[in-house]
Structure formats: C-alpha cells, structure tokens
Amino acid sequence: MGFTIGRETRSGSRRRGRMSDCTTVAEYTGLWGWAVVPGARAASGGAAGSRTAARACSCGVASCRAPGAHPLDFAPEVPPGATLDDVTRTWSEFPGAAVLLPVGRTFDVIEVAEAAGRRALVRLERMGLPLGPVAVTPDGRALFFVAPGAAAELPRLLYRMGWDDADLDLRGLGPGDHVVAPPSDLAGLGPVRWLRPPSLDTAQAPPQARLLLGTLAYVAHRSPA
C-alpha cells in the first residue's frame, strides 16, 4: 500500500503534533458537531509550499488523481459527537493524517477565487447578512459554508438571479465532496485557514445559499480572471 503518514524522526515532535491534531478533530466533532475523515497528505520529495513540487501522495498510489487532498479509503470516519478520547484512539492509527470534512451533511460549500471571496465577505458583512464559516486555501480559493442542498440548487438559483449565462469562477460542493479543514496542509502547498471560524450559531445552522449567492456571483463576475 505504501502508506507513509506519520514517519517523523523525533518522538517529541510526533507526540506534540499528534495531540494537536487530536484536539483540533475533537473540537470539530464535539463542539461543532461535524464528522471528520483522516486524509492523505503530500509525501516528501518537493519543497514545501512550492507549486512545482513533486505531487506524490502519502496514500502510496503512484497515479493518485488528488495527491495529498483526499480521504484515506482505509481510515474510518470520526462521527459527530466524538470525544477527545474517541478521536485519539482513531487518529493514533493514522498519525499525520490531514483533517477532512465531509460536505453535504451539516453544510454545503460555495467555492470562489480567494480574491473575490475576500471582497464579497466585506460586502456581506457591511450588508449585515448572516454568514457561516469561511475558509481560504493555499491554492487561492475561498470556501463559504452554507446550508445543505446548495450544490444541487446552484444552477437553479443562478438562473433565477440572472447569472446562469455568466462566466463565473464559482462552484458548489455537496454530497460526496470533502474539504481540507484548518489548519491542515493542502497537497503540500500550505495550511488551510479560517477567514471566519465556525461558531455555536453557525456550525450547525449555516445560512441559506440564496442569501449570499447574489453578492458572490456579482463579485466573481467583476473580478479579473
């Protein structure tokens, strides 16, 4: 199988990293009520953060189509409500795994270019519209967490708003998709970060996509390619 996650050379660093990962996962499961899946990471061999680095994947599959950015097929999902002890038992089997969140359950995601997402976020905050968690990835994408069903409804919503024939750098992620959660590394490019972290109000009840989509589409359309 060639699984290589967790081969650190210093035991102290390994223990600290493992506990940090477990604490993060336990926050997602216990505080926010999200499921978490252990994910692959980019294998060593290229310079960290380099977009031209070798895209080897810790899953060990030479032809991996999403190096360092997919769930581990052989790793169990950590369910919502899992405690720190529960998480530690699972994560100890996959040290160094990336933290991935299944989409399409508690939330869907609308993804846009990071620059457009940042500008849209400022507009949405000024308008006083409800907002859920928002993350940014090291490859320049912004992820807006919205209520489940958004990905399936996206074409209809864009049509109703008159954006169906526009060339928009905007897409929906839904059931079957996963997102890498902060602060995990995405495909060797760097960490994913929160622009707006989850809260007790937004983790289980993110806003309906229709409340944000008009602004996201407008800014995406106005943003340079």
Side-chain angles (χ1 to χ4, degrees), residues 3-43 48 57-59 66 68-109 111 131-138 141-148 173-207:
F3 183 63
T4 58
I5 280 178
R7 293 184 181 174
E8 299 93 347
T9 58
R10 292 182 296 178
S11 61
S13 296
R14 180 169 64 248
R15 286 193 296 270
R16 287 193 297 272
R18 186 177 301 174
M19 287 310 301
S20 177
D21 289 345
C22 291
T23 301
T24 297
V25 175
E27 178 179 321
Y28 286 142
T29 59
L31 190 58
W32 311 133
W34 294 341
V36 177
V37 180
R41 303 192 76 158
C57 185
S58 62
C59 70
H70 66 84
L72 294 170
D73 293 337
F74 47 87
E77 179 179 294
V78 184
T83 66
L84 180 57
D85 287 343
D86 298 330
V87 170
T88 301
R89 281 192 292 272
T90 297
W91 230 257
S92 64
E93 299 296 323
F94 310 98
V99 177
L100 269 63
L101 305 176
V103 184
R105 302 178 188 179
T106 308
F107 58 84
D108 277 11
V109 169
E111 176 189 314
L131 289 165
V134 182
V136 291
T137 68
R141 308 300 293 175
L143 311 176
F144 286 75
F145 287 46
V146 292
L173 305 178
D177 294 317
H178 294 78
V179 294
V180 178
S184 284
D185 175 274
L186 173 64
L189 299 175
V192 180
R193 296 175 291 109
W194 290 116
L195 283 183
R196 285 181 59 94
S199 68
L200 292 176
D201 292 333
T202 63
Q204 286 291 313

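Counting from 1, the numbers follow the sequence of the chain as shown.
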Asks: Report the distance from atom CG of L143 to atom CG of L173, rounding to the nearest 0.5 Å.
Replies: 7.0 Å

Asks: In terms of relative ring orientation, are Y28 and W194 parallel, tilted or perpendicular, with 30° and 60° separating the classes?
Replies: perpendicular

Asks: Can you sort out the partners of R89 under side-chain hydrogen bond (donor to acceptor under 3.5 Å, both in side chains), two or more places apart, ordered by chain and number?
Replies: D86

Asks: Is the shortest heavy-atom distance from the side chain of P191 to the side chain of L186 under 4.5 Å?
Replies: no

Asks: Go through the structure and list residues passing ring-ring contact (aromatic ring centres under 6.0 Å, His included) with F107, not counting sequence neighbours.
Replies: W34, F145

Asks: Looking only at side chains, do S199 and T202 share a donor and an acceptor under 3.5 Å apart?
Replies: yes

Asks: Quick check for you: to the nearest 0.5 Å, what is the distance between S92 atom OG and D21 atom CG?
Replies: 12.0 Å

Asks: Rounded to the nearest 0.5 Å, what's the gap from CD on E111 to OG1 on T137? Could you check?
Replies: 7.0 Å

Asks: Considering only residues two or more places apart or on different chains, which pairs with a residue in residues 96-106 satisfy salt bridge (Lys or Arg N to Asp or Glu O under 4.0 Å)?
Replies: E77-R105

Asks: Do Q204 and W32 pass the side chain to side chain donor-acceptor pair (under 3.5 Å) test, and can you show the C-alpha distance, the side-chain angles, and the key distance before you say yes or no?
Replies: CA-CA 7 Å; Q204 286 291 313; W32 311 133; over 6 Å; no

Asks: Quick check: do V25 and W91 have side-chain heavy atoms less than 4.5 Å from each other?
Replies: yes

Asks: Is there side-chain contact between C22 and T88, with at least one heavy-atom pair below 4.5 Å?
Replies: yes

Asks: Rounded to the nearest 0.5 Å, what's the gap from CG on L101 to OG1 on T106? Could you check?
Replies: 9.5 Å

Asks: When you compare the side chain of S58 with that of R41, does any pair of heavy atoms fall below 4.5 Å?
Replies: yes

Asks: Less than 4.5 Å apart, any side-chain heavy atom of P138 and any of V192?
Replies: yes

Asks: What distance separates L131 CG from D201 CG, expressed to the nearest 0.5 Å?
Replies: 12.5 Å

